[in-house]
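Both ligands and their constituent atoms are indexed starting at 1 by order of listing. Counting from 1, the numbers follow the sequence of the chain as shown.
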Amino acid sequence: MPFSSKQNPSTRYGLIVFLILTLFLCAIFFYIRNNKSQELRHDVNQLAQLREDYSQIDTCIVVLYNADNNCRLYAVTGEKMYIKQFLGNINFVSQTLDRINNRAQELEKLAPKNIKGLVDQKKIRTELYLKLRQLTDSLINVSSEIDTTHYGFKSNNGKELTYKQFKTMVSVDTIRKAVAAKPDKNLLGRLAEAFSKKKSKAKGADTTAKLVRTETKLDTSLQSRNFNKLQLQNMNNYFRNLYAANNMLKKNEVGILQLNNKIITEILSLLQDYKSKEKEFIARNKEELRHHIDGSFNSIDRIFSYSMALLFILVSAILYNLWRIYKNESELINYSQKASQYAISKSRFLANMSHEIRTPLNSVIGFSEQLSQGQLNEQQIEQVGAIRSSSVMLLDVVNDILDFSKYETGKVSFDKISFIPYDAITEVFNSIAIQATNKGVKLKNEIVFKKNYCFSGDSLRLKQVIMNLLSNAIKFTEVGSVTLKADIALNSKKQGVLKVQIIDTGIGIGPEDLDMIFDEFAQVYYSSTKIKQKGTGLGLAICKKIVEFQGGQIGVASQLGQGSTFSFEIPYDICPQSSVLENKNVNTTNAEWLEGKRILLADDNKMNILLAQTVLKKYKLVTDVAYDGKQAFALFEKNEYDLVLTDIQMPEMGGIELTRMIRSYAKPAKANIPILGVTANVLQEDRKKYIESGINNLVLKPFSEKELIDKIAEYIKRD
Ligand code: ADP
């Protein structure tokens with residue numbers, strides 16, 4: 001069978017190892033790719049920063065030109081504002097240079113190790129930077145000197161000279177000479193006029209010099225009062241010193257400004273130099289970075305192609321496995337369908353087999369029962385007893401196999417009929433007591449719950465389990481006792497759990513066998529004892545299924561040579577006691593009223609007819625016989641009957657069809673006649689089907705005399 005689960009497991013392990021390795025490799029590739037892309041990002045950032053540095057040098061140059069301008073303007077105008085701007089410009093240049101230097105150092109730190117030649121560049125850049133630094137510092141110092149000399153001047157002896165200003169109001173009269181005119185007065189007159197100081201206004205022209213304009217001026221250079229000689233000398237000295245200081249100041253200023261210019265020019269040329277070096281550096285740096293970026297791209301490409309190849313293999317492996325899973329699944333579905341078909345066929349086969357075996361068994365058991373009731377000698381009684389017990393054993397085996405096949409296919413349904421658990425357990429106990437007595441084993445009964453408890457469930461199956469466990473206990477106990485313990489634990493008012501224990505002092509079961517004891521066909525091999533195993537090994541497996549199908553559990557505790565304790569518990573619904581069905585069975589010993597009743601017997605098996613007739617005759621029932629459905633229906637139409645007893649499987653027309661025809665008969669009084677079906681088929685679903693067709697009840701083959709008469713008496717009306 002080419003079922004995949006049978007494939008070599010080493011291939012599967014190999015595949016798992018391969019998948020793990022592939023995943024591992026993928027993780028490594030992912031890690032490398034991540035690193036490479038980080039490097040790439042870093043390189044690109046570096047390129048952008050290089051461009052930024054370059055532009056900053058340009059800005060520096062422009063600002064320096066500006067500073068130079070401000071310096072010149074100061075020299076020309078002497079205005080303080082220009083020197084302030086100049087200082088601002090120089091500070092800006094200084095800060096920018098610092099920034100560039102810091103960035104350059106950072107870049108060198110971050111730069112990939114394999115960039116060669118950058119070390120030399122770095123040296124040159126550092127030297128240039130130091131020079132520039134010194135120059136800008138000296139510029140700042142020089143300009144601050146200009147600032148201080150402008151605001152204060154110190155004399156040689158350290159005393160600050162102060163300048164005094166003398167305010168003198170000077171009036172200037174502009175006099176014009178009088179135009180020569182003929183004097184119209186005589187000498188005396190003119191003298192008198194002179195003494196009186198009156199202006200004589202000559203007609204037509206001035207006789208004296210004329211005052212044209214009077215100006216009043218503020219004169220700061222002149223003393224308004226007279227000084228003595230010493231004072232004048234001191235003043236003279238003071239002004240001389242002042243003049244000399246002023247000259248010196250002017251000279252210094254010019255010198256400083258010249259120095260400034262020189263420094264600025266030097267800085268500018270250095271900056272140009274720096275710029276060209278920077279350009280060179282950037283070009284080399286770019287080249288290196290490009291190489292690095294190319295390398296990173298190449299390795300990312302390589303990693304990508306490896307990853308793709310791995311991914312392809314991985315996906316193929318997954319697809320292949322999926323395909324295999326799908327194939328296995330469809331095979332499994334196929335096999336499970338076949339298995340369920342086999343199981344159905346098996347259960348059908350077993351049902352048919354049991355039917356075929358039960359039918360002759362029915363005759364064997366029935367006739368041996370009838371024979372044993374006749375006049376027999378001792379030997380004959382023994383022989384009939386042997387036939388009967390053998391056929392009963394055979395029936396047990398058939399029932400076991402049939403039961404198990406039903407549970408195996410899950411086609412079981414449990415009755416939900418009210419019953420008294422005390423009665424059910426006692427019934428089993430009593431029926432088996434004879435076996436224990438025969439064997440000399442003490443059988444004890446310890447039922448501790450009240451007699452009037454009522455459960456709703458399948459009492460027959462409960463009896464079957466207890467019977468099985470008790471008969472096993474007696475079978476495997478040579479000396480000692482078998483105790484049946486039963487108790488009920490009430491879960492609620494509606495539910496109770498029946499707990500049963502069967503304890504024996506028998507041979508016990510070894511620990512190695514305990515686990516498999518509930519498996520089908522399991523039997524313990526006792527090499528040391530002379531116990532010969534009888535049975536099918538299905539009893540405990542059936543018990544387990546019955547208990548578990550009803551939601552219960554079963555277990556065993558045992559010690560070899562000490563005995564075993566089988567215990568099980570089943571939950572049941574509690575029902576009101578009034579709902580317990582009264583036993584409808586009629587006491588057949590008082591069934592005289594059946595005398596003379598007419599029964600239509602339909603069965604294709606002559607032996608079965610003979611057996612039924614033998615039983616019915618005993619109760620003086622009148623029978624008509626038909627060997628198939630058609631004959632039976634013809635007799636039904638012709639005669640009046642009290643009950644129809646028909647086999648289910650017959651040639652021409654079966655029991656089901658016959659029932660349908662009777663039920664659809666025109667006369668309702670006749671159509672409602674009680675019909676009992678006889679069958680060896682114990683499958684629940686079949687029984688349901690028979691009842692649904694209109695059959696009142698079923699008599700299961702092989703039936704006992706009591707069972708048959710009880711069923712007939714249940715449906716025939718008393719007069
Ligand atoms: P069987 O019909 O063969 O008895 P069972 O399923 O009832 O099948 O039992 C299976 C096996 O379990 C038995 O053959 C026996 O070996 C062991 N067994 C069952 N009950 C007992 C017990 N009370 N004491 C010892 N062994 C037991």
Side-chain angles (χ1 to χ4, degrees), residues 350 354 357 389-408 412 425 428-429 431-446 460-486 499-549 552-570:
L350 287 171
S354 75
I357 296 169
S389 67
S390 305
S391 50
V392 167
M393 256 170 62
L394 191 59
L395 186 64
D396 280 349
V397 172
V398 171
N399 281 343
D400 267 5
I401 294 172
L402 198 68
D403 259 15
F404 184 74
S405 77
K406 273 191 296 173
Y407 290 115
E408 207 185 23
V412 274
I425 296 171
V428 183
F429 183 84
S431 69
I432 209 149
I434 187 84
Q435 276 186 35
T437 320
N438 286 346
K439 216 178 168 190
V441 174
K442 207 175 166 196
L443 190 64
K444 289 189 264 183
N445 178 0
E446 291 178 19
L460 280 177
R461 294 249 168 61
L462 172 67
K463 282 189 208 168
Q464 192 182 346
V465 175
I466 298 175
M467 178 67 99
N468 211 320
L469 296 179
L470 274 177
S471 65
N472 272 351
I474 295 167
K475 188 158 79 174
F476 295 104
T477 305
E478 295 303 315
V479 200
S481 63
V482 171
T483 311
L484 167 70
K485 282 187 180 179
K499 297 179 176 188
V500 178
Q501 276 191 326
I502 285 130
I503 308 158
D504 67 58
T505 56
I507 54 169
I509 306 162
E512 68 282 2
D513 296 320
L514 272 180
D515 288 341
M516 58 90 179
I517 211 77
F518 290 101
D519 293 346
E520 51 264 34
F521 313 114
Q523 286 185 324
V524 179
Y525 174 68
Y526 301 102
S527 56
S528 56
T529 58
K530 287 176 184 171
I531 292 172
K532 276 189 183 171
Q533 283 281 22
K534 284 180 191 171
T536 52
L538 282 173
L540 287 180
I542 292 171
C543 287
K544 189 173 188 285
K545 295 238 188 260
I546 290 176
V547 172
E548 284 177 355
F549 268 118
Q553 49 198 24
I554 188 166
V556 60
S558 185
Q559 262 192 324
L560 211 57
Q562 304 278 309
S564 316
T565 302
F566 281 85
S567 39
F568 72 89
E569 51 181 63
I570 302 173

### Task
Return the minimal non-hydrogen interatomic distance between C543 and I554, and the atom names on each side.
CB-CD1, 4.1 Å
### Message
Please classify the I502 to ligand 1 contact at 4.0 Å (heavy-atom distances, strictly less than): side chain, backbone, both or neither.
### Response
neither
### Query
Going through the checks in order, is the side chain to side chain contact (heavy atoms under 4.5 Å, CB included) test met by I546 and L462?
CA-CA 8 Å; I546 290 176; L462 172 67; over 6 Å; no
### Query
So, does K439 use its side chain to make a donor-acceptor pair with the main chain of I474 at under 3.5 Å?
yes
### Query
Going by the order shown, which atoms of ligand 1 are within less than 4.0 Å of some heavy atom of I517?
12 (O), 17 (C)
### Message
Between ligand 1 and F566, can you find any atom pair, the residue atom being a heavy atom, that is separated by under 4.0 Å?
### Response
yes
### Query
If you draw a 6.0 Å radius around NZ in K463, do more than 12 non-hydrogen atoms from other residues or ligands fall strictly inside?
yes
## Note on the structure
Contact region, I509 to ligand 1, non-hydrogen atoms below 4.0 Å, reads side chain
### Query
Can A473 be said to touch ligand 1, with heavy atoms closer than 4.0 Å?
yes
### Task
Take atom CD of E446 as the centre, draw a 6.0 Å sphere, and report whether it contains more than 12 heavy atoms from other residues, nucleotides or ligands.
yes
